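One structure below.
Keep in mind that the numbers below use all heavy atoms, side chains included, and drop hydrogens, waters and symmetry copies. What you see is a predicted model; the values in this text were computed from it and never measured.
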Amino acid sequence: MRLSQVLGNILAVLFLSVGPLLAQDVRLTSRDGGVEVSGRLVEFDGAFYQIETEFGTLTVDAAGVTCEGADCPADESGPAELTIGGSPELGSALFASIVEAFARDRGYTSRREITGDLNFDIVLSAEAGEDVGRLQFRIGDMEESAADLGTGQIDFLVSDQILTGSEGLIAQRFGSDALMAVVSPGNHATMISQGNLRAVLAGTITNWGEMGGPDLPISVHVPDAANPLSEQLSARLYDGAEPAFGSEATQHLELVDLVDAVAADPFALGITRYSERGNTRALAIAGSCGFEIAPSRIAIKTGDYPQTMSLLIYTRDRRLPPLARDLQEYIVGPQAQAILRLGGYVDLLPETEVLGVQGNRLINAVSLAGVEVPVSELRRMAGILRGAERVSVSFRFEPGSTILDAASASNVVRLAEALEAGVYDGKTVRFVGFSDGVGAADGNRRIGAGRAEAVLAAVNEAAVSLSDERVVLATESFGEAMPLACDADDWGRDINRRVEVWVR
């Protein structure tokens with residue numbers, strides 16, 4: 001239940017019990033007119049009113065009420081104006097489509113007004129014809145857009161990159177994408193290590209035979225430096241350094257041209273996004289111990305695939321107009337998520353998968369578990385998880401920290417909302433902690449247990465209306481018993497440290 005609903009219920013009880021209050025400095029009225037409270041305005045922080053009444057101090061969510069009186073903050077009436085920055089792929093294509101669907105769902109009409117080569121406005125109008133909002137899309141360089149967000153020149157920044165120096169910003173996750181290596185459907189390769197991928201891109205591996213394939217040259221296709229994917233390559237494969245491409249690599253400004261070229265050449269290899277894979281086929285990423293992870297939708301959704309990219313909407317930590325807050329809720333709802341999935345991205349809608357179909361995970365549990373993990377522990381794990389379903393929500397932490405990363409913080413909110421909505425009523429929801437294999441097995445089980453307890457506490461805090469009578473929340477830890485990838489690789493250890501959600 002939202003905080004505004006909780007406060008509304010409290011206020012309703014107050015007024016049914018004691019009748020109308022004396023008129024004072026301000027009057028707050030619920031948007032349906034059913035509840036009213038008056039008092040002295042103590043503070044307004046842009047999101048909540050704190051007022052002193054004869055019955056004590058009340059804190060009220062401003063989203064659920066209107067304010068009358070001389071001490072009320074500035075009126076929010078009139079068309080809302082929002083400025084949106086982002087890349088052409090995410091801003092002018094995906095996000096604009098979601099805005100137009102939002103307009104239809106809310107009973108508005110929308111029209112586009114071109115304001116520049118890449119820039120345009122979407123104007124929303126009510127049935128009576130008056131404008132209710134103008135969303136100005138300012139598409140371009142992400143670094144400039146991030147700076148403009150910090151100085152207040154734009155309100156929303158749509159990005160697939162984690163912003164550095166993001167103090168004072170709020171990130172809302174609304175989907176996922178992934179960086180991946182692709183080949184033609186006629187190519188028989190199935191996987192590539194990250195080291196070999198860098199070597200192919202750099203031109204130091206030039207023949208498929210050097211990776212166990214046929215004795216044939218590799219045709220390499222990469223994004224041009226002007227394409228936003230080049231920044232992701234830098235961050236994810238080159239530790240922030242400029243990507244190293246060989247002289248024979250063909251660079252493409254548009255990813256659609258890149259994937260078309262790869263799809264047509266059975267000896268080509270290219271780098272693209274999951275959302276722009278076209279008719280190519282993705283290669284799994286192989287670890288040094290031989291285990292591989294393919295960029296499937298479930299693996300991207302859970303964050304198990306190491307090159308997963310979160311789609312984020314950044315805003316400054318300030319109060320937004322009601323239209324903007326309504327749009328933020330719509331973006332993570334089922335209608336907007338369906339649009340996102342149709343666009344080739346990975347949505348946030350939960351999916352489940354039983355243990356029996358997770359063959360690679362079971363093989364890893366046996367072949368990659370450390371020598372300190374006895375068969376009895378594997379049997380215990382199988383007994384607890386047999387018959388349960390894994391939910392496509394996982395939790396991971398900032399490096400060397402117990403703080404949830406941005407994607408996981410959003411997962412807490414979504415899972416809490418699902419619990420409050422009754423999705424898992426009558427079931428046991430188990431938070432299962434896992435670790436990497438570094439250190440003693442007993443210690444790793446304790447680490448996994450601590451992470452699971454931390455996630456459970458965060459979900460409990462967010463699900464304020466959930467009762468123990470409706471659903472059972474529990475924790476478990478198997479430590480290093482079911483690795484996703486190789487502990488010898490940095491990225492493998494990172495994704496092995498996780499908390500999964502299992503429902504029975």
Side-chain angles (χ1 to χ4, degrees), residues 1-78 80 82 152 155-156 167-172 313-333 403-404 406 409-421 456-468 470:
M1 181 180 293
R2 295 179 192 162
L3 184 57
S4 58
Q5 292 175 292
V6 175
L7 293 173
N9 290 342
I10 293 173
L11 293 176
V13 172
L14 273 174
F15 280 89
L16 288 173
S17 302
V18 303
L21 296 175
L22 297 176
Q24 296 179 48
D25 297 333
V26 298
R27 181 186 299 113
L28 303 181
T29 306
S30 63
R31 300 209 178 258
D32 63 4
V35 178
E36 183 180 287
V37 62
S38 299
R40 181 178 65 84
L41 181 63
V42 176
E43 182 182 12
F44 176 66
D45 64 1
F48 294 93
Y49 295 101
Q50 188 179 81
I51 61 171
E52 186 70 39
T53 75
E54 60 184 288
F55 298 99
T57 301
L58 294 178
T59 300
V60 181
D61 187 347
V65 297
T66 59
C67 183
E68 297 177 73
D71 288 342
C72 288
D75 187 9
E76 288 186 334
S77 61
L82 299 170
D155 301 292
F156 285 167
E167 295 82 4
L169 300 182
I170 298 173
Q172 177 187 19
I313 299 172
Y314 285 96
T315 58
R316 286 180 295 134
D317 189 6
R318 68 176 185 86
R319 180 172 169 79
L320 292 167
L323 181 73
R325 300 196 296 272
D326 192 15
L327 177 59
Q328 284 180 303
E329 288 190 16
Y330 179 83
I331 288 167
V332 294
I403 300 173
L404 290 167
S410 295
N411 288 344
V412 167
V413 176
R414 287 199 311 280
L415 184 58
E417 290 174 345
L419 288 164
E420 289 180 308
L456 172 59
V459 171
N460 261 327
E461 184 177 357
V464 294
S465 67
L466 185 66
S467 70
D468 294 339
R470 292 172 49 196

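- Listed by chain and residue number, F395, L404, A458, V459, A462 satisfy the side chain to side chain contact (heavy atoms under 4.5 Å, CB included) test with V412 (two or more places apart in sequence, or in another chain).
- To the nearest 0.5 Å, atom CG of residue L419 and atom CG of residue N460 are 9.0 Å apart.
- Distance check, rounded to the nearest 0.5 Å: CG of D317 to CG of L169 gives 8.5 Å.
- Here the CZ atom belonging to F44 is positioned 9.5 Å from the SG atom belonging to C72, to the nearest 0.5 angstrom.
- Taking the salt bridge (Lys or Arg N to Asp or Glu O under 4.0 Å) definition, one finds that R414 meets it with nothing, sequence neighbours left out.
- D326 is linked by a side-chain hydrogen bond (donor to acceptor under 3.5 Å, both in side chains) to R106, counting only residues two or more places apart in sequence or in another chain.
- Using a 4.5 Å heavy-atom cutoff, the side chains of I170 and R316 are not in contact.
- If you take CG on L28 and OG on S38, they are separated by 7.5 Å, rounding to the nearest 0.5 Å.
- Remark: S30 engages D32 in a side-chain hydrogen bond (donor to acceptor under 3.5 Å, both in side chains) (not counting sequence neighbours).
- Closest approach of T57 and Q50 over heavy atoms only: CG2-CG, 3.5 Å.
- Heavy atoms only, all atoms of each residue included: Q172 and Q328 are closest at NE2-O, 3.0 Å.
- Side chains of F156 and L327 form a contact here, defined as non-hydrogen atoms less than 4.5 Å apart.
- Under the side chain to side chain contact (heavy atoms under 4.5 Å, CB included) criterion, E417 pairs with V413, sequence neighbours left out.
- Distance check, rounded to the nearest 0.5 Å: CG of D155 to CG of L320 gives 6.5 Å.
- At a threshold of 4.5 Å between non-hydrogen side-chain atoms, the residues E68 and T29 count as touching.
- By the side-chain hydrogen bond (donor to acceptor under 3.5 Å, both in side chains) test, T66 pairs with no residue at all, sequence neighbours left out.
- Take A463 and apply the side chain to side chain contact (heavy atoms under 4.5 Å, CB included) test, not counting sequence neighbours, and it matches A416, E420, L466.
- Atom OG1 of T59 sits about 8.5 Å away from atom CD of E43, to the nearest 0.5 Å.
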